[in-house]
Peer 1: 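Quick one: the structure is below, and I'll ask about it shortly.
We number each residue from 1, following the sequence as shown.
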Amino acid sequence: MLLEERDYRIRAGFLGDFVDCYMRLGLPIQRAHLGEPVGFFTSDIGELNHFVSMWRWQDLGERTARREKMLADPDWSGYLASIKGLVDTQTIRFLAPTPFSPLT
């Protein structure tokens, strides 16, 4: 099992706009292709303007196959156009749970 952490730093003052657009346009497409996420988070203390999503995969093969279908969906292109200019940087990490993690 792999846990994918996707951390987006959003332009200052636009986190609400990004979250709203994602919730209305991006999330339904992702749920249709990727399944249910582990969770979504925003930062409130410390480094601000971050939106973090977490996804669980059996392996990289599953992730690749599901994301290829999502990226081919024309609605996904429309969503990406709607958030153009809102994201400053994006960081993706893959985390493998320890044997004693409650996620295993």
Peer 1: Mark yes when over 12 heavy atoms from residues, nucleotides or ligands other than Gln58 sit less than 6.0 Å from its CD; otherwise mark no.
Peer 2: no
Peer 1: Would you mind reporting whether Thr64 and Glu68 have side-chain heavy atoms less than 4.5 Å apart?
Peer 2: yes
Peer 1: In terms of hydrophobic clusters joined by side-chain contacts under 4.5 Å, are Met1 and Leu95 together?
Peer 2: yes
Peer 1: Give the minimum heavy-atom separation between Ile29 and Asp73, together with the two atoms involved.
Peer 2: CG2-OD2, 4.0 Å
Peer 1: Can you tell me how far CG of Asp7 sits from OG of Ser43, rounded to the nearest 0.5 angstrom?
Peer 2: 8.0 Å
Peer 1: Please report the shortest heavy-atom distance between Thr89 and Val87, naming the atom on each side.
Peer 2: O-CG1, 3.4 Å
Peer 1: Linking I/L/V/M/F/W/Y whenever any side-chain heavy atoms sit under 4.5 Å apart, do Leu86 and Met23 land together?
Peer 2: no
Peer 1: Counting C-beta onward and ignoring hydrogens, is there a side-chain heavy-atom pair between Leu2 and Glu62 closer than 4.5 Å?
Peer 2: no
Peer 1: Is Phe41 linked to Ile10 within one hydrophobic cluster, defined over Ile, Leu, Val, Met, Phe, Trp and Tyr using a side-chain heavy-atom separation of less than 4.5 Å?
Peer 2: no
Peer 1: Fit a plane to each ring of Trp76 and Tyr79, take the angle between them on a 0 to 90° scale, and name the class: parallel (under 30°), tilted (30 to 60°) or perpendicular (over 60°).
Peer 2: tilted
Peer 1: Looking at CG of Asp44 and CG of Asn49, how far apart are the two atoms once the value is rounded to the nearest 0.5 Å?
Peer 2: 10.5 Å
Peer 1: Considering all heavy atoms of both residues, which atom of Leu25 and which atom of Ser82 are nearest to each other, and what is their separation?
Peer 2: CD1-OG, 3.6 Å
Peer 1: Is the shortest heavy-atom distance from the side chain of Leu15 to the side chain of Tyr8 under 4.5 Å?
Peer 2: no
Peer 1: Got a second to check how far Gln90's CD is from Arg6's CZ, nearest 0.5 Å?
Peer 2: 5.0 Å
Peer 1: Atom CG of Leu34 and atom NZ of Lys69: how far apart are they, to the nearest 0.5 Å?
Peer 2: 11.0 Å
Peer 1: I'd like to know if the side chain of Arg66 reaches the main chain of His33, judged simply by a donor and an acceptor atom lying under 3.5 Å from each other, with no hydrogens or angles considered.
Peer 2: yes
Peer 1: Should Val38 and Val52 be regarded as members of a common hydrophobic cluster, given that ILVMFWY residues are connected when their side-chain heavy atoms come within less than 4.5 Å of each other, either directly or indirectly?
Peer 2: yes
Peer 1: What is the ring orientation for Trp55 with Phe40, classed by angle as parallel under 30°, tilted 30 to 60°, or perpendicular over 60°?
Peer 2: perpendicular
Peer 1: How far does OG1 of Thr42 sit from CZ of Phe18, to the nearest 0.5 angstrom?
Peer 2: 11.5 Å
Peer 1: When rounded to the nearest 0.5 angstrom, what is the spacing between CD1 in Ile83 and CZ in Arg11?
Peer 2: 12.5 Å
Peer 1: Can you confirm whether Val19 sits close enough to Phe51 that some side-chain heavy atom of one is under 4.5 Å from a side-chain heavy atom of the other?
Peer 2: yes
Peer 1: Does a salt bridge link Arg93 with Glu4, judged by any charged N lying under 4.0 Å from a carboxylate O?
Peer 2: no
